Amino acid sequence: MKKNCLILLLLFFTVSLKAQERDVRNVFFDTLRTSDVQPTPIGVDDMKFIGTGTITTEDSTYMLYTTRIIRRDLDFYADFELVQIDSFYLRTYEITALDLLGWMRLGANYVVKLEVEFPGRNMKVKWQLYHTVNRQQIDHGEFNYNRAFWREIGHDIANEIVHTLTGERGIFRTKIVYVRKIGKSKELFMADYDGANERQLTENGSINISPCFDPNREVVYFISYMAGDPHLYKVDINSGVIIKVAEYPGMIAAPVVSPDGKRIACVLTKDGNSEIYVLDTEGRIIKRLTRNPSIETAPTWSPDGRNIAFSSDRTGSPQIYIMDSDGLDQRRVTYNGTWNDSPVWSHRGDRLTFVSRTRNRRFDIASVDTSGADFRLLTEIAMNENPHFSPDGKHIIFTSDRLSAGDIYTMDISGRNKRRITTTGDCSNPYWGPLK
Amino acid sequence: MKRISILLLLGVFLITALVVSCGKPKKVQEETTPPPVITEPEIKPEPEPTPPPPPVLKESQFVTVYFDFDKFNLRSDARAALDKNFNLLQEFPNAIIKIEGHCDERGTIEYNLSLGEKRAKAAMDYLLGLGINQARISIISYGKERPAVQGSNENAWAKNRRCEFKIISQ
């Protein structure tokens, strides 16, 4: 009886692992490949068991899926291109030896070697990074967590490899928030950057939209109609506690926290028309920035907090403008197409990414430098919306209806390497959380 | 729906009462009489000196106002719809309403929230211009978050670019 139960439990576990795995495998590429950087080819060898005794089915499942997490993370990352393992070229039968020559023949500049032990309930993974041509070990390390955190082990190893090879912090432990439509209501959800571990943040049956992370704290600001009219709220992502931040006559919309976390730019219509305001984090007005009978909306901060880009239809259709963060010196940036809206400022400060309606009355993600030059389309099919940058500024998250009634996708800032993050449809309004 | 079923029940009751009182021969004819009979019972309490209960305003009596893509100006059909809604507000002087501005799915969430607000405001301003008290009308924008119909074609979009009237109290 006990044995049966154990087998059932094991079976259930493998099935649930597989179910989690499925939702992020949907990778596909647009025809567009205008990358500025040639990605570095990197391989990840199969994980080898180096402990004593035999391994259980459960353990081998952990090994398989942890390896997959590392491979997918590196393949996702803009600077890398994953070299697929190919047993025709590789001597994979040997337990501990790494076939550096084989990996070099496959085209990999680097290869990751993974070894595992299972002490108690833990999973201890040793990783070593090799240069295939120099045949040298570049870096190595070890993670030893409870095996329930196999995803975290995989993400942490991938983060280490990114840090070793690029000097930058990996983003594989970051979170995303987005909106999912349930019946007539829209609720906030949070998940890992790859769509796994989804969690519901609001559950009020109303409309909850425009989520935005505080860059310094684990707080998400958002707009909710839960009390009837739209007000500004914040939710603590750890405790789940929701607090009202600001309530003004008319509408409040499009909140976005400044890079220093001290101010919130948003839209208020209390003057009878959409105008951009800056509030403090308690919801008090610091300053009104625009005065125009037209629609001014979708503010975004420059990385230094000194400027704000926004959209305005003062010329008849929405176009993107930049102003100082005190509202002065407003100037138009976009001239391509009849509709440019929803700008976000890149982390290096040199470019704006936004929604553009150019050809065939379609909505695409586009980017332009802050002077208005070098206009580039980053998507080429379907309706695309809500671009936001990853915290390292190398990737863009956005909504598209290309394969469903709205799902969340990611791509490199060049438009390359598009991936579907959610697969259920009815998802929109993503925002990428900060690095911890 | 509930009201109709109650009326129907009353009608059926009346018919059976008639059938019972009239006897067997007429049975077949009585059963085939059409529903108009239903309206009769309401006339009964006439002899009472109390005034008739005030009529009840229903949201479905308001006419939905439609707009062009990325526009909030009132077309002639929109003004005609608002004139009808104005008459209703005159007829029901205690009614306090909220105008909901909506948009089609094209364009961004934020822009459409602002556009929906402009549509609701345009409708409100028109009614204020006709003399409705400001205290009776408020507005809200749902942008593209609450479409009336699903679909990604001009037919669906046209139905979603609208202002709906909701009753707050009366």
Side-chain angles (χ1 to χ4, degrees), chain A residues 179 181 184-186 206-210 223 225 228-230 249-256 266-267 269 272-276 293-300 310-313 316-318 338-343 354-355 357 361-363 382-387 399 401 405-406 428-429, chain B residues 67-73 96-126 128-129 134-135 137-154 156-158 160 163-164 166-169:
Chain A
V179 172
K181 191 171 141 218
K184 276 206 142 186
S185 68
K186 294 200 162 184
S206 182
I207 294 173
N208 303 279
I209 46 172
S210 302
I223 301 295
Y225 287 67
D229 286 331
M251 184 177 70
I252 180 164
V256 56
C266 67
V267 169
T269 61
N273 165 45
S274 296
E275 301 292 358
I276 293 169
S294 52
I295 291 174
E296 271 73 38
T297 186
T300 177
F310 62 102
S311 70
S312 168
D313 72 345
S317 70
T338 53
W339 181 307
N340 295 297
D341 189 12
S342 209
F354 50 94
V355 176
R357 191 182 197 224
R361 304 173 141 218
R362 219 179 47 219
F363 290 87
M383 297 241 269
N384 306 281
E385 223 194 295
N386 303 128
T399 311
D401 68 349
S428 61
N429 225 194
Chain B
F67 295 84
D68 285 330
F69 174 64
D70 193 22
K71 293 283 186 294
F72 57 89
N73 58 309
I96 293 174
I97 57 151
K98 187 165 227 171
I99 304 177
E100 294 181 358
H102 296 271
C103 305
D104 71 31
E105 63 174 1
R106 292 171 295 170
T108 59
I109 293 168
E110 299 82 21
Y111 182 82
N112 277 320
L113 281 171
S114 295
L115 181 61
E117 168 121 345
K118 285 216 163 199
R119 284 176 178 163
K121 189 162 186 301
M124 177 175 76
D125 286 347
Y126 185 82
L128 297 181
Q134 166 81 69
I137 312 179
S138 59
I139 57 171
I140 188 171
S141 173
Y142 285 101
K144 60 174 183 169
E145 308 304 317
R146 283 249 168 103
V149 292
Q150 296 296 330
S152 298
N153 51 64
E154 187 45 57
W157 293 331
N160 289 333
C163 278
E164 286 185 17
K166 301 288 171 190
I167 300 165
I168 301 299
S169 66

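Numbered from 1 within each chain, the chains take letters A, B, ... in sequence-line order. Only a predicted model underlies this, so the values are computations on that prediction, with no experimental measurement involved.
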In this structure, OH of A/Y225 is separated from CD1 of B/I140 (nearest 0.5 Å) by 5.5 Å
Identify which part of A/P387 has an atom lying under 4.5 Å from any heavy atom of chain B, answering side chain, backbone, both or neither. neither
I need the B/E105 CD to A/M383 CE distance, nearest 0.5 Å. 4.0 Å
Part of A/I295 within contact of chain B (heavy atom distance under 4.5 Å): both
Would you check if A/N273 and B/K121 make a side-chain contact, meaning some heavy-atom pair closer than 4.5 Å? no
A/T269 portion near chain B, given a 4.5 angstrom heavy-atom threshold: both
Flag the pair A/M251 / B/L113 as yes when at least one side-chain heavy-atom distance between them is below 4.5 Å, and no otherwise. yes
Heavy-atom nearest pair, B/T108 first then A/S342, reads CG2-CB, 3.5 Å
Per-residue contact mode, B/E145 against chain A (heavy atom under 4.5 angstrom): both
Measure distances from B/F72 to the heavy atoms of chain A and classify the residue's part below 4.5 Å as side chain, backbone, both or neither. neither
Quick one: are B/Y111 and A/V355 in side-chain contact, heavy atoms under 4.5 Å? no
Do A/I223 and B/E110 come close enough that some side-chain heavy atom pair is under 4.5 Å? no
Exercise: do A/S274 and B/S114 side chains pair donor with acceptor under 3.5 Å: yes
Do you know which of A/G250, A/A298, A/G272 has the most heavy-atom pairs under 4.5 Å to chain B? A/G272
When every non-hydrogen atom of B/R146 is compared with those of A/K184, the smallest separation belongs to NE-O, 3.8 Å
Smallest heavy-atom separation, B/I109 atom then A/E385 atom, equals N-OE2, 3.3 Å
Is it the backbone or the side chain of A/D401 that comes under 4.5 Å from a heavy atom of chain B, or both, or neither? neither
Which answer fits A/S294, side chain, backbone, both or neither, if we ask what part of it has an atom under 4.5 Å from a heavy atom of chain B? backbone
